[in-house]
Structure formats: structure tokens, C-alpha cells
Amino acid sequence: MLLGPHWSGKSHTAYAALRRLTVAGYREADITVHRALDLKSTYEPGMIENTTAVTVIDDLTLAVDLVREATRPLETDPADVQATMALEAGALADAVARLSLLPRRSWLLIASSTERLRETVGQETTDRLLAVAELTELQQRPRPVQSW
């Protein structure tokens, strides 16, 4: 599991690790990569239950990150938008919970922190993930100075 703030290089690190797997002879057909934003809106349980040997979910905590890191008050969304967002959040949590229970599967989850992971997938799933995961925490990289 890769943890770290935005712009810390988590996705780059994950793709470098996948590259090492393929160079070592792992077939690309045995690796599935999901962006959490896409997965939560297209999710069906079979997508995870019938997944490849290695599954990557990038930007897992993005929805929570955006709310927690907002620099100004957020407007309340209409009820139908809130309902859709709740369904998508539940779908993502279900996908990760199912993935964490599959035998003989490897996964790489990319999130900002364990606290936000807990908000995204729930306490039980987070506990199950942390019990077996190798954690790598990346530090914030310095941002380039913008000269306007």
C-alpha cells in the first residue's frame, strides 16, 4: 500500500513497481489497474471477484481528500447528486472489501493516509488491509515555484 500526500509521487512509484513486475516476466494480462474515480462509477462485484492476480486501485481516497483539503466552504449538492455520490462511495468501499478477502491475489492500493482510507472503505476493511499490507509512506515533494 502506498500512502502519501498529493504530489508525493505515489502513482509514479506504483507504475514503476508494475514495470518491474513486467520486466521480471509477469504478464501484463495478469495486472489490472483501476482509477478509483472510474471504478466507483462502473463497479459491479464481478469486476473484483474475477480480477487478475494483481489489482491496482489508484487515487483510492481522492473523494475524501478533496473534501478534507477544500480551502473554501463547499456548496451543498442537490439531493440526487448526494445520492449518486453515496452509491459510488459504497461501491468503492465494497470493491476494496471484496478485494481484501480474495485468496491468492496481490493488490496495490494508493491512498493519502490510513485515516482517509478508513473514511473511504470503513474500519473493518482498513484493519484487514493493514494487517497484511506492506506500507510505504512517501513524503511531500517540494513544489516548483511558479513565476507569473
Side-chain angles (χ1 to χ4, degrees), residues 1-72 74 77 81-146:
M1 184 176 312
L2 286 172
L3 302 175
H6 293 290
W7 303 107
S8 60
K10 297 182 303 290
S11 296
H12 176 80
T13 301
Y15 285 99
L18 291 177
R19 174 74 177 130
R20 281 188 233 136
L21 281 176
T22 59
V23 166
Y26 220 87
R27 297 177 330 130
E28 288 182 29
D30 292 330
I31 301 170
T32 302
V33 178
H34 297 284
R35 288 185 53 234
L37 184 64
D38 299 330
L39 178 61
K40 69 183 185 179
S41 62
T42 60
Y43 174 69
E44 293 181 21
M47 293 171 73
I48 296 300
E49 292 167 354
N50 300 313
T51 193
T52 55
V54 176
T55 301
V56 178
I57 302 179
D58 194 3
D59 290 331
L60 182 56
T61 57
L62 182 61
V64 172
D65 295 340
L66 292 174
V67 171
R68 298 289 172 258
E69 296 171 12
T71 57
R72 58 183 167 77
L74 300 174
D77 291 309
V81 172
Q82 289 183 41
T84 299
M85 290 170 39
L87 285 171
E88 289 178 346
L92 186 58
D94 185 70
V96 175
R98 287 175 188 269
L99 183 62
S100 72
L101 293 169
L102 290 175
R104 296 179 308 282
R105 295 293 198 288
S106 295
W107 41 261
L108 178 54
L109 303 178
I110 304 163
S112 58
S113 68
T114 55
E115 294 79 20
R116 292 191 179 161
L117 180 65
R118 194 171 291 110
E119 285 185 66
T120 302
V121 301
Q123 183 70 49
E124 184 179 330
T125 299
T126 299
D127 290 345
R128 192 168 43 249
L129 294 169
L130 294 176
V132 298
E134 279 189 38
L135 291 177
T136 299
E137 293 191 51
L138 303 177
Q139 300 303 313
Q140 180 70 49
R141 293 184 303 185
R143 289 194 177 188
V145 177
Q146 298 284 337

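Sequence positions, counted from 1, serve as the residue numbers for this chain.
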Under the side chain to side chain contact (heavy atoms under 4.5 Å, CB included) rule, collect the residues that match up with Ala91, sequence neighbours excluded. Tyr43
Please find the pair of heavy atoms, one from Leu2 and one from Leu108, that lie closest to each other, and give the distance. CG-CD1, 4.1 Å
Which residues pass the side-chain hydrogen bond (donor to acceptor under 3.5 Å, both in side chains) test with Ser100, sequence neighbours left out? Arg128
Point-to-point distance, once rounded to the nearest 0.5 Å, from CD of Glu28 to CG of Leu18: 9.5 Å
Separation between CD (Glu69) and OG (Ser112), nearest 0.5 Å, reads 6.5 Å
Among residues two or more places apart or on two chains, list those pairs meeting salt bridge (Lys or Arg N to Asp or Glu O under 4.0 Å) that have a residue in residues 9-21. none
Can you list the residues that meet the side chain to side chain contact (heavy atoms under 4.5 Å, CB included) rule with Ser41, with sequence neighbours excluded? Glu88
One pair to check against side chain to side chain contact (heavy atoms under 4.5 Å, CB included): Leu99 and Leu109. What are the steps and the verdict? CA-CA 10 Å; Leu99 183 62; Leu109 303 178; 4.3 Å; yes
So if I apply the side-chain contact (heavy atoms from CB on, under 4.5 Å) rule between Leu3 and each of Thr114, Leu138, Leu60, which one comes out positive? Thr114
Min side-chain heavy-atom separation Thr55-Ile31 under 4.5 Å: no
To the nearest 0.5 Å, what is the distance between OG1 on Thr84 and CG on Asp77? 10.0 Å
Pairs satisfying salt bridge (Lys or Arg N to Asp or Glu O under 4.0 Å), at least one member in residues 89-99, at least two apart: Glu49-Arg98, Asp94-Arg98
Full working for side chain to side chain contact (heavy atoms under 4.5 Å, CB included) between Thr32 and Val56: CA-CA 6 Å; Thr32 302; Val56 178; over 6 Å; no
How long is the straight-line distance from OG1 of Thr51 back to CH2 of Trp107, given to the nearest 0.5 Å? 13.5 Å
Those residues that, when tested against Arg118, pass side-chain hydrogen bond (donor to acceptor under 3.5 Å, both in side chains) (two or more places apart): Gln123
Which pairs with one or both residues in residues 36-45 pass salt bridge (Lys or Arg N to Asp or Glu O under 4.0 Å), sequence neighbours excluded? Arg35-Asp38
Cationic N near anionic O, under 4.0 Å, Asp30 to Arg27: yes
Could you go through the side chain to side chain contact (heavy atoms under 4.5 Å, CB included) check for Thr136 and Thr13 one step at a time? CA-CA 10 Å; Thr136 299; Thr13 301; 5.7 Å; no
Any chance you could lay out the side chain to side chain contact (heavy atoms under 4.5 Å, CB included) test for Leu117 and Thr125, step after step, and finish with the verdict? CA-CA 9 Å; Leu117 180 65; Thr125 299; over 6 Å; no
Can you name the residues that form a side-chain hydrogen bond (donor to acceptor under 3.5 Å, both in side chains) with Thr42, not counting sequence neighbours? none
Tell me the salt bridge (Lys or Arg N to Asp or Glu O under 4.0 Å) pairs involving residues 101-112, sequence neighbours left out? none
Please answer whether the main-chain N or O of Arg116 pairs with a side-chain N or O of Ser113 as donor and acceptor at a distance below 3.5 Å. yes
Roughly how far, to the nearest 0.5 Å, is CD1 of Ile48 from CG of Leu101? 11.5 Å
How long is the gap from CD1 on Ile57 to CE on Met1, to the nearest 0.5 Å? 10.0 Å
The side chain to side chain contact (heavy atoms under 4.5 Å, CB included) partners of Leu62 (sequence neighbours excluded) come to His6, Asp59, Leu66
Does atom CD of Glu124 have more than 12 heavy-atom neighbours from other groups under 6.0 Å away? no
Considering residues at least two apart in sequence or located in another chain, which fulfil the side-chain hydrogen bond (donor to acceptor under 3.5 Å, both in side chains) criterion with Thr126? none
Output all residues satisfying side chain to side chain contact (heavy atoms under 4.5 Å, CB included) with Asp58, sequence neighbours left out; order by chain, then residue number. Ser11, Tyr15, Ile110
